[in-house]
Amino acid sequence: MLLIDGTWSPAENDGSREIVNPFDASVIATVAEASAGDADRAVRAARAAFDAGAWSTASGAHRAAILTGLADALQEHRAELARLETLDTGKTLVESQTDVDDSTAVLRYYAALSTTDTPRPVDTGRPGAISQVVHEPVGVCALITPWNYPLLQITWKLAPALAAGNTVVAKPSELTPLTTIRLFELLHELLDKAGAPSGTANLVLGGGTVGAVLAGHPSVDLVSFTGGAVSGRSVMRSAAETVKRVALELGGKNPNIVFPDADLDAAVDFALTAAFLHSGQVCSAGSRLLLHRSLHGGFTAELARRADLIRLGDGFTKGTETGPLISAAHREKVERHVAGALAEGAVLRAGGVRPTEPELQNGFFLRPTVLDECHAGMTVVREEVFGPVLTIEVFDDEDEVVALANDTPYGLAGAVWTRDAARGERVAARLRLGTVWINDYHPYVPQAEWGGFKQSGTGRELGPTGLREYQETKHVWRTLDPAPQRWFAG
Ligand code: NAD
């Protein structure tokens, strides 16, 4: 069902799509597939709700209550949401539970921020004139999300968009819509109870065609998009027609740099997590390991040994460490990357093959893969693979590794491992990345901005900047006691 103007309804032409569990290729649900007409109706509903003003001018406290209510609802339905996420994405149940908790934290963070976002007074330099800068909602926001972190990604957008007073039309990935549908059921109940306009939060389902309608729609004021570079460019082009605001969170090719003075036990361990968590289907995956030459043999051998031990399986089974890739087509793309890398001279140290266990044969699994002897010119090093594939390059000194790490069109995230605090700071400062971890990999908090340099995107999610993305800035000047100025004498 689609949620348009406060009503759940099927697609106008009865379009539908089967949703597949990547663990065993079984069909787990059939959902509505919106038409261009449905997307248009959703945008019109969001426009009418915004223009009516009751939501867009509501107090921060009113919006905070909705977001807090939604956070509470996520925790009440934690088990159900985590189960849906694992069914839909194949990730382990522990990861899905963490995603529900992280989504809850983001809702609570923006609930708090919406009550403390006060106008900024400005010194006009003139007696009798006072002035302030205020932040207002942008308007109708289209929220388009990918399949790797469905609940988390929609929450990163929905929480600040609603906190700022916007109305929204959300479109999750056509591959993994289930938790977003459940989230909107919970949100709809809360908005309804609070008397919010019926079109405040709308949900349409479908693929790139529906997304493109939203991105090009003249009544949409902002598109917040998370996904791949090709779709991101298309969104930017569509949005250009009506000069709408665009926030893009795109891919990465993230360097993980290890100096010889690092804690090597921890560095090997985190190199595995960085590359193979969620089978590498993470935008910030540390898919490019840059090793100091002196570490090359021992570090690589230990990494490959441990990669071979990673337990693939059903996300619901205790002991499973990582799940399948999202689809048969995606696995084939990843396999083409591995074959291409071997043809370009990479040396296979682990994986590169599908698992042999009988119970994994229907799913879209690929063994964690370590490719050694790589260099910056290879396709596998330059392009985002978005699968369980780690490439290894060696370096000799700090200048060289900084140049190597920055030699990519992407700039999302990366890490540096060293016990030399000054070196850690120096390298972090020179990396052209939106997030740098020193002696860690992957942690994030709602309070800190997330986003990419270069072709990893525009704008930021999370943190105070994440709220500003969804706000217009207005300067209001007041002259208290106006008198004629007589600029024109007549
Ligand atoms: P994708 O680009 O194929 O799809 C993303 C979303 O955009 C989906 O909802 C899809 O239906 C929609 N879409 C596709 N074409 C569109 C178009 N022309 N106009 C409007 N919408 C369109 O990406 P994906 O395969 O779902 O996700 C994987 C990608 O997402 C990877 O590149 C990954 O790095 C990126 N990602 C980035 C972040 C980040 O924070 N930077 C987070 C998660 C994922």
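Basis for what follows: all heavy atoms, side chains included, without hydrogens, waters or symmetry-related copies. Just so you know, ligand 1 is whichever comes first in the structure, and atom 1 is the first atom listed for that ligand.
For atom 31 (C) of ligand 1, the closest non-hydrogen atom of the protein is E384 OE1, 3.5 Å. Among protein heavy atoms, the minimum distance from atom 2 (O) of ligand 1 is reached at S231 OG, 2.6 Å. The nearest heavy-atom contact from the protein to atom 13 (N) of ligand 1 is G208 CA, 3.7 Å. In this structure, atom 11 (O) of ligand 1 lies nearest to the protein heavy atom E174 OE1, 2.7 Å. Closest to atom 40 (O) of ligand 1, if we only count protein heavy atoms, is W450 NE1, 3.0 Å. Protein heavy atom in closest approach to atom 41 (N) of ligand 1: L250 O, 2.7 Å. Looking at atom 25 (O) of ligand 1, its nearest protein heavy atom turns out to be W147 NE1, 2.8 Å. Of the protein's non-hydrogen atoms, C283 SG, 3.3 Å is the one closest to atom 39 (C) of ligand 1.
Distances from ligand 1 to the non-hydrogen atoms of G207 include at least one value under 4.0 Å. Remark: distances from the non-hydrogen atoms of Y149 to ligand 1 are all 4.0 Å or more. In this structure, S173 is part of the shell of residues with a heavy atom less than 4.0 angstrom from ligand 1. Using a 4.0 Å cutoff on heavy atoms, G232 does not count as a contact of ligand 1.
When every heavy atom of P464 is checked against every heavy atom of Q447, the shortest pair comes out as CD-O, 3.9 Å. Pairing each heavy atom of L175 with each of I326, the nearest pair is CD1-CG1, 4.1 Å.
T465 and E449 share a donor-acceptor pair across their side chains, judged by distance under 3.5 Å alone. For T92 and E95, the side-chain atoms include at least one donor-acceptor pair closer than 3.5 Å. Between the side chains of Q471 and N166, no donor-acceptor pair is found at a separation under 3.5 Å. Using modelled atom types and a 3.5 Å distance limit, the side chains of Q455 and R233 yield a donor-acceptor pair. In this structure, a donor-acceptor pair under 3.5 Å is present between the side chains of N256 and W417.
Set against the non-hydrogen atoms of V235, the atoms of ligand 1 under 4.0 Å away are 19 (N), 20 (C). Close approach to N148 involves these atoms of ligand 1, each under 4.0 Å from a residue heavy atom: 43 (C), 44 (C). When each atom of ligand 1 is checked for a heavy atom of G227 under 4.0 Å away, the hits are 2 (O), 5 (C), 23 (O), 29 (C), 30 (O), 32 (O), 35 (C). Numbered from 1 in the order shown, with element, the atoms of ligand 1 that lie under 4.0 Å from a heavy atom of Q153 read 42 (C), 43 (C). Within ligand 1, counting atoms from 1 as listed, the ones closer than 4.0 Å to a heavy atom of G211 are 19 (N), 20 (C), 21 (N). Of all atoms in ligand 1, numbered sequentially from 1 with element shown, those under 4.0 Å from a heavy atom of G251 are 32 (O), 34 (O). Every atom of ligand 1 with a heavy atom of G228 under 4.0 Å away is listed here by number and element: 1 (P), 2 (O), 23 (O), 29 (C), 30 (O), 32 (O).
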Practice task
Could you go through the side-chain hydrogen bond (donor to acceptor under 3.5 Å, both in side chains) check for S26 and D24 one step at a time?
Solution key: CA-CA 5 Å; S26 61; D24 59 4; 2.7 Å; yes
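Side-chain contact check for D407 versus R382: some heavy-atom pair is nearer than 4.5 Å. Using a 4.5 Å cut-off on side-chain heavy atoms (C-beta onward), V138 and R245 make contact. Looking at L84 and R182, their side chains come closer than 4.5 Å, going by heavy atoms from C-beta outward.
When the heavy atoms of I326, L205, I144, T226 are ranked by distance to atom 5 (C) of ligand 1, first place goes to T226. Considering A229, A142, A212 only, the shortest heavy-atom separation from atom 19 (N) of ligand 1 involves A212.
Within the cation-pi definition used here (under 6.0 Å to the ring centroid, within 45° of the axis), K91 qualifies as a partner of Y149.
Formation of a donor-acceptor pair under 3.5 Å by the E393 side chain with backbone atoms of L404 is not found in this model. Without hydrogens or angle criteria, K454 side chain to N406 main chain gives a donor-acceptor distance under 3.5 Å.
Here T145 has backbone heavy atoms under 4.0 Å from ligand 1, and that is the only part of it that gets that close. Residue-level proximity to ligand 1 for P172 is carried by the backbone, the only part with a heavy atom below 4.0 angstrom.
Residue W156 places no N or O, backbone or side chain, under 3.5 Å from any N or O of ligand 1.
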